[in-house]
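As the structure is a computational prediction, the values presented were derived from the model and not from experiment.
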Amino acid sequence: GNIKTIRNVNNPLAYRYLVLSGHYRSQMDFSMSDINSAADRLSNIGKYIDQVMLARQGILEPKDSTGAVDKFNKEFKEALEDDLNTPKALAAFTLLEGKVYTEDAKEAIRLFDNVFGLQLVFDTPLHDTILVEIDKYEQARKEKDFALSDSLRADLAKKYNLALSDTPAGALVHRIK
C-alpha cells in the first residue's frame, strides 16, 4: 500500500542523508523516490571524496588558493552551531565538491564525513600496480593516443573497479559502486 517503513529501505546511508537534509524540527515526508535521490546524491559526493582521498602522492596542490576550504570550514561550523542546521551544513559541502582538489581539502572532507557518519572516506592508498596504470593512462593522453588511454581506462574499471576522471588536478579515480 501507501505505507513504507524503514524495513523497505535497502540503503541505510541514503536514509541517513535524507534525514540529515531536513531540519530536525521540521516534519519530513518519506518516499522511496526521496531515498533514491539521497542515494544518487551520496554517490556523487562519494565520487568526489574518492577523487581527492585516492589521489596519487604529489598530484594535489598542498593548499587551496581560492579560500573555498576555509569558507567551507567556517560555514559548516556556523551551520552546526545554529540549532544543528544540518541542511545548511550539507549545503556547505558544495563549496568543495568538484571544485577543490587540494591536500587541505582532505581534512575538510574527513570532518564532513566524521560529523555525519556517512562512511564515504576510503583512506587506503592505491596499490602500486594501479598507480602505474594511471601513469600510463596520463602518458597516453599526453601523446594523444586515445585508443590506448581508453583501453587503460576500461582495464582499470574491469580489473580494479575504479573509474578515471580527468580533472583540473589531473587524472583521478573513484570507486565504482
Undergrad: What orientation do Phe112 and Phe76 show, parallel under 30°, tilted 30 to 60°, or perpendicular over 60°?
TA: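 If you compare the ring of Phe112 with that of Phe76, the planes turn out tilted.
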Undergrad: For Glu75, look at atom CD and say whether over 12 heavy atoms of other residues, nucleotides or ligands are found less than 6.0 Å away.
TA: yes
Undergrad: How close do Asn73 and Leu111 get, heavy atom to heavy atom, and via which atoms?
TA: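 Minimum heavy-atom contact is OD1-CD2, 4.0 Å.
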Undergrad: Do any N or O atoms from the side chain of Asp83 and from the backbone of Asn85 form a donor-acceptor pair under 3.5 angstrom?
TA: no
Undergrad: So Arg41 and Ser37, do their side chains get closer than 4.5 Å, heavy atoms only?
TA: no
Undergrad: Looking only at side-chain N and O atoms, does Ser165 offer a donor or acceptor that is under 3.5 Å from a partner on Gln51?
TA: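 Looking only at side-chain atoms, Ser165 and Gln51 do form a donor-acceptor pair, the distance falling under 3.5 Å.
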Undergrad: Any Lys/Arg nitrogen of Arg153 or Asp166 sitting under 4.0 Å from an Asp/Glu carboxylate oxygen of the other?
TA: yes
Undergrad: Can you list the steps and then say if Leu172 with Leu54 is a side chain to side chain contact (heavy atoms under 4.5 Å, CB included)?
TA: CA-CA 8 Å; Leu172 299 177; Leu54 297 176; over 6 Å; no
Undergrad: How far apart are the closest heavy atoms of Ala38 and Ala14, and which atoms are they?
TA: CB-O, 3.4 Å
Undergrad: Could you give the distance from CZ (Arg56) to CG (Asp135), rounded to the nearest 0.5 Å?
TA: 5.5 Å
Undergrad: Are Phe122 and Tyr48 connected in a single hydrophobic cluster, I mean Ile/Leu/Val/Met/Phe/Trp/Tyr linked by side-chain heavy atoms less than 4.5 Å apart?
TA: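 Tyr48 and Phe122: separate clusters.
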Undergrad: Which heavy atom in Val100 sits nearest to a heavy atom in Ala68, and how many Å separate them?
TA: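 It is CG2-CB, 3.6 Å.
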Undergrad: If you measure from the Lys or Arg side-chain nitrogens to the Asp or Glu carboxylate oxygens, is any gap between Arg141 and Glu138 under 4.0 Å?
TA: no
Undergrad: Looking at every non-hydrogen atom in both residues, tell me the closest pair between Ala55 and Ile59 and how far apart they are.
TA: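 Taking Ala55 first and Ile59 second, the nearest heavy atoms are CB-CG2, 3.6 Å.
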Undergrad: Above 12 or not: heavy atoms from other molecules or residues under 6.0 Å from NZ of Lys74?
TA: no
Undergrad: Please lay out, stage by stage, how Ile134 and Leu126 fare under the test side chain to side chain contact (heavy atoms under 4.5 Å, CB included).
TA: CA-CA 10 Å; Ile134 296 170; Leu126 295 174; 4.0 Å; yes
Undergrad: Heavy atoms only: give me the nearest Gly22-Pro87 pair and the separation to one decimal.
TA: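 Residues Gly22 and Pro87, closest heavy atoms: C-CG, 3.6 Å.
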Undergrad: Rounded to the nearest 0.5 Å, what separation is found between the CG atom of Leu156 and the NZ atom of Lys136?
TA: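 Atom-to-atom, Leu156:CG and Lys136:NZ are 10.0 Å apart.
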Undergrad: Count the heavy atoms belonging to other residues, nucleotides or ligands that lie under 6.0 Å from NZ of Lys106, then report whether that count exceeds 12.
TA: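 Above 12, so yes.
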Undergrad: Please round to the nearest 0.5 Å and tell me the distance separating atom CD of Glu133 and atom CD1 of Ile130.
TA: 9.0 Å
Undergrad: Between OG1 of Thr86 and OH of Tyr17, what distance do you get to the nearest 0.5 Å?
TA: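 One finds 10.0 Å between OG1 of Thr86 and OH of Tyr17.
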Undergrad: Which atom names give the shortest non-hydrogen contact between Leu60 and Tyr101, and what distance separates them?
TA: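 Taking every non-hydrogen atom into account, CD2-O, 3.5 Å.
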Undergrad: Same cluster or not: are Tyr160 and Val173 linked, directly or through other Ile, Leu, Val, Met, Phe, Trp or Tyr residues, by side-chain heavy atoms under 4.5 angstrom apart?
TA: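 In one cluster with Tyr160: Val173, yes.
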Undergrad: Does Asp64 use its side chain to pair, donor to acceptor, with the backbone of Thr102 at less than 3.5 Å?
TA: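 Not a single qualifying donor-acceptor pair exists.
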Undergrad: What distance do Lys99 atom NZ and Glu97 atom CD have between them, rounded to the nearest 0.5 Å?
TA: 7.5 Å
Undergrad: Give the cluster check for Ile45 versus Leu162: same hydrophobic cluster or not, with ILVMFWY residues linked at side-chain heavy-atom distances below 4.5 Å.
TA: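 Cluster IDs for Ile45 and Leu162 differ.
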Undergrad: Out of curiosity, Lys63 NZ to Glu103 CD, how far, rounded to the nearest 0.5 Å?
TA: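 Between Lys63 NZ and Glu103 CD, I get 12.0 Å after rounding to 0.5 Å.
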Undergrad: Contact between Arg16 and Leu42 at the side-chain level, heavy atoms closer than 4.5 Å - yes or no?
TA: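 Result no, sub-4.5 Å side-chain heavy-atom pair not found.
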Undergrad: Begin with the C-alpha distance, continue with both residues' side-chain angles, and end with the deciding distance and a verdict on side chain to side chain contact (heavy atoms under 4.5 Å, CB included) for Thr129 and Val132.
TA: CA-CA 5 Å; Thr129 308; Val132 168; 5.9 Å; no
Undergrad: Would you check, one step at a time, whether the test side chain to side chain contact (heavy atoms under 4.5 Å, CB included) holds for Glu107 with Val69?
TA: CA-CA 9 Å; Glu107 279 310 306; Val69 171; over 6 Å; no
Undergrad: Hey, is NZ on Lys77 packed in by over 12 heavy atoms from elsewhere, all under 6.0 Å?
TA: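 Count not over threshold, so no.
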Undergrad: Does the side chain of Tyr137 come within less than 4.5 Å of Asp155's, by heavy atoms?
TA: no
Undergrad: Are any of the side-chain heavy atoms of Met53 and Arg110 separated by less than 4.5 Å?
TA: yes
Undergrad: Test of understanding: clusters of I, L, V, M, F, W, Y form through side-chain heavy atoms closer than 4.5 Å, transitively. Do Ile109 and Leu80 belong to the same one?
TA: yes
Undergrad: Linking I/L/V/M/F/W/Y whenever their side-chain heavy atoms sit closer than 4.5 Å, directly or via other members, would Tyr24 and Leu18 fall into one cluster?
TA: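 As far as the 4.5 Å side-chain criterion goes, Leu18 and Tyr24 are not connected within one cluster.
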